[in-house]
Number of protein chains: 2
Amino acid sequence: MSCTITLKEKGLKLTPQRRLILEIIHDSEGHLTAEEIIEYVQTRVPGVNKSTIYRTLELLEGLDCVFRSEISGRHVYHHAEEGHHHHAVCRSCGKTIDCDEDLFSSIERTLESKFGFHADLHHMVIPGLCRNCQQKVQPAK
Amino acid sequence: MSCTITLKEKGLKLTPQRRLILEIIHDSEGHLTAEEIIEYVQTRVPGVNKSTIYRTLELLEGLDCVFRSEISGRHVYHHAEEGHHHHAVCRSCGKTIDCDEDLFSSIERTLESKFGFHADLHHMVIPGLCRNCQQKVQPAK
DNA sequence: TTTCATGCAAATGATTTGCATAGTC
DNA sequence: GACTATGCAAATCATTTGCATGAAA
């Protein structure tokens with residue numbers, strides 16, 4: 001993994017905890033919330049502390065090994081090798097659809113030319129309803 | 001204000017606190033964070049409690065008197081009469097540019113036809129850099 | 001005079017931080 | 001052995017909640 005090399009180059013240590021966290025993010029397609037990562041880490045190796053995981057994630061983000069974004073205030077991570085892209089997330093079932101990086105590029109161009117605003121639309125989370133959940137009856141509650 | 005009528009119709013009470021909060025949201029163009037609203041309310045009437053303000057905002061959202069969205073985990077409100085629209089927010093100076101409601105409509109169409117995904121892109125917050133801040137030298141830190 | 005709303009204080013929940021100890025290089 | 005990383009516990013910070021009191025209708 002390129003990340004382990006990056007760690008070494010920076011004089012940072014490759015601890016078992018960091019290996020494990022890297023491995024988990026690496027093996028998952030799509031994004032993981034910080035909580036999911038904590039859960040998976042602790043399932044495999046009980047006793048690893050939350051703080052360690054948060055600190056590692058912050059570190060890896062700084063090294064551009066993982067990208068971080070936010071879904072309703074929570075941190076969400078995916079590994080950098082996936083490249084930038086967007087997620088359409090179903091608010092009913094949670095299913096995620098990965099979308100192309102340039103989905104928003106026309107909007108970036110519009111904002112640039114209209115307002116001179118340089119938008120960062122690199123890893124958007126798009127809320128909505130997936131095909132299946134649209135078909136379910138939506139109770140008026 | 002239509003909101004006060006809505007309150008009465010629902011058998012809800014029009015208290016001074018609610019009046020004030022409505023007035024503040026109404027008088028501001030653009031969005032306000034919950035914290036800003038709390039600050040403005042307490043400047044005008046010291047002693048109004050945070051919980052009251054949060055509860056009122058929640059209530060007003062339920063009545064569709066205000067719209068709520070999120071900027072980096074924080075609640076952000078604007079009054080409903082402005083209609084749906086989007087904000088391009090400069091991450092350097094905080095300046096906000098209001099954008100047209102249908103800025104994202106082509107993306108909505110793309111997601112719909114490609115994946116059958118029904119996106120809710122009603123009140124997006126678009127991070128980026130405004131014209132002025134792009135011109136400032138970006139120190140490498 | 002009966003709901004509904006407020007204030008207060010305490011709870012929440014994700015994330016962060018200080019500090020002593022332990023592990024990597 | 002030096003310096004970094006970890007675990008633990010306590011601190012944050014925005015938001016929420018329970019409950020007794022107070023105010024609209």
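Computation of the quantities below employed the complete heavy-atom set of this structure, encompassing side-chain atoms and omitting hydrogens, waters and symmetry-equivalent molecules. Letters A, B, ... mirror the listed sequences (proteins, then strands); counts begin at 1.
Residue pairs meeting the salt bridge (Lys or Arg N to Asp or Glu O under 4.0 Å) criterion with at least one member in residues 60-79 of chain A, sequence neighbours excluded, are A:E61-A:R68.
A 4.5 Å side-chain heavy-atom check between A:Q17 and A:T56 finds every atom pair outside the cut-off. In this structure the side chain of B:E58 never reaches within 4.5 angstrom of the side chain of B:Y54, judged on heavy atoms.
Taken over five-pair windows at either terminus, the axes of the helix from C:dT1-D:dA25 to C:dC25-D:dG1 are inclined to one another by 20° (rounded to 10 degrees).
Side-chain N/O atoms of B:Y54 include one lying less than 4.0 angstrom from OP1 or OP2 on D:dT15.
When rounded to the nearest whole Å, the span between CG of A:L63 and P of D:dA5 equals 10 Å. As rounded to whole Å, 13 Å separates atom C1' of C:dG13 from atom NE2 of A:H75. Across the protein-nucleic acid pair, B:R18 atom CZ and C:dT3 atom P stand 17 Å apart, rounded to whole Å. Note: CD (B:E70) to C1' (C:dA14) measures 13 Å, nearest angstrom. C:dT3 atom C1' lies 15 Å from atom CG of B:L7, rounded to whole Å. Atom C1' of nucleotide C:dG23 and atom CD of A:Q17 are separated by 9 Å, given to the nearest angstrom. Rounding to whole angstrom units, NZ of residue A:K10 and C1' of D:dA5 are separated by 18 Å. Atom-to-atom, CZ of A:R74 to P of D:dT15 comes out at 12 Å; the value is rounded to the nearest Å.
Residues forming a ring-ring contact (aromatic ring centres under 6.0 Å, His included) with B:H86 (at least two apart in sequence, or on another chain): B:F104. Shown here are the side-chain contact (heavy atoms from CB on, under 4.5 Å) partners of A:T110, two or more places apart in sequence or in another chain: A:K114, B:L103. Applying the side-chain contact (heavy atoms from CB on, under 4.5 Å) criterion to B:S28, with sequence neighbours excluded, gives B:L32. The side-chain contact (heavy atoms from CB on, under 4.5 Å) test applied to A:E112 returns A:H118, B:Q134, not counting sequence neighbours. Applying the side-chain contact (heavy atoms from CB on, under 4.5 Å) rule to B:A119 yields the partners A:I126, B:E108, B:L111, B:F117, B:L121; only residues at least two apart in sequence or on another chain are considered. Evaluation of the ring-ring contact (aromatic ring centres under 6.0 Å, His included) rule for A:H85 yields A:H78, A:H87, A:H123 as partners, not counting sequence neighbours. Checked against ring-ring contact (aromatic ring centres under 6.0 Å, His included), B:H75 has no partners two or more places apart in sequence or in another chain.
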Could you list the protein-to-nucleotides 19-25 of chain D atom pairs, N/O on both sides, closer than 3.5 Å?
from: D:dA24; atom 1: N3; to: B:K13; atom 2: NZ; distance (Å): 3.2

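Proximity of residues 35-47 of chain A to DNA chain D (heavy atom under 4.0 angstrom from any strand atom) is restricted to A:G47.
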Taking only distance into account, with no hydrogens and no angle test, what donor-acceptor pairs under 3.5 Å do side-chain atoms of residues 45-52 of chain B form with protein atoms, sequence neighbours excluded?
from: B:N49; atom 1: OD1; to: B:S51; atom 2: N; distance (Å): 2.9
from: B:N49; atom 1: OD1; to: B:S51; atom 2: OG; distance (Å): 2.7

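Closest to the side chain of A:N49, from the set C:dT6, D:dT15, D:dG7, is D:dG7.
Residue A:S51 places a side-chain atom within donor-acceptor reach of the base of D:dA9, judged by atom type and a 3.5 Å distance cut-off alone.
Residue A:E58 is classed as having no contact, given no heavy-atom separation below 4.0 Å to the nucleic acid.
Under the 3.5 Å distance criterion, the side-chain polar atoms of A:R131 are matched with a main-chain donor or acceptor of B:F115.
Checking A:T56 against B:K50, the closest nucleotide of DNA chain D that is more toward the 5' end is the one next to A:T56.
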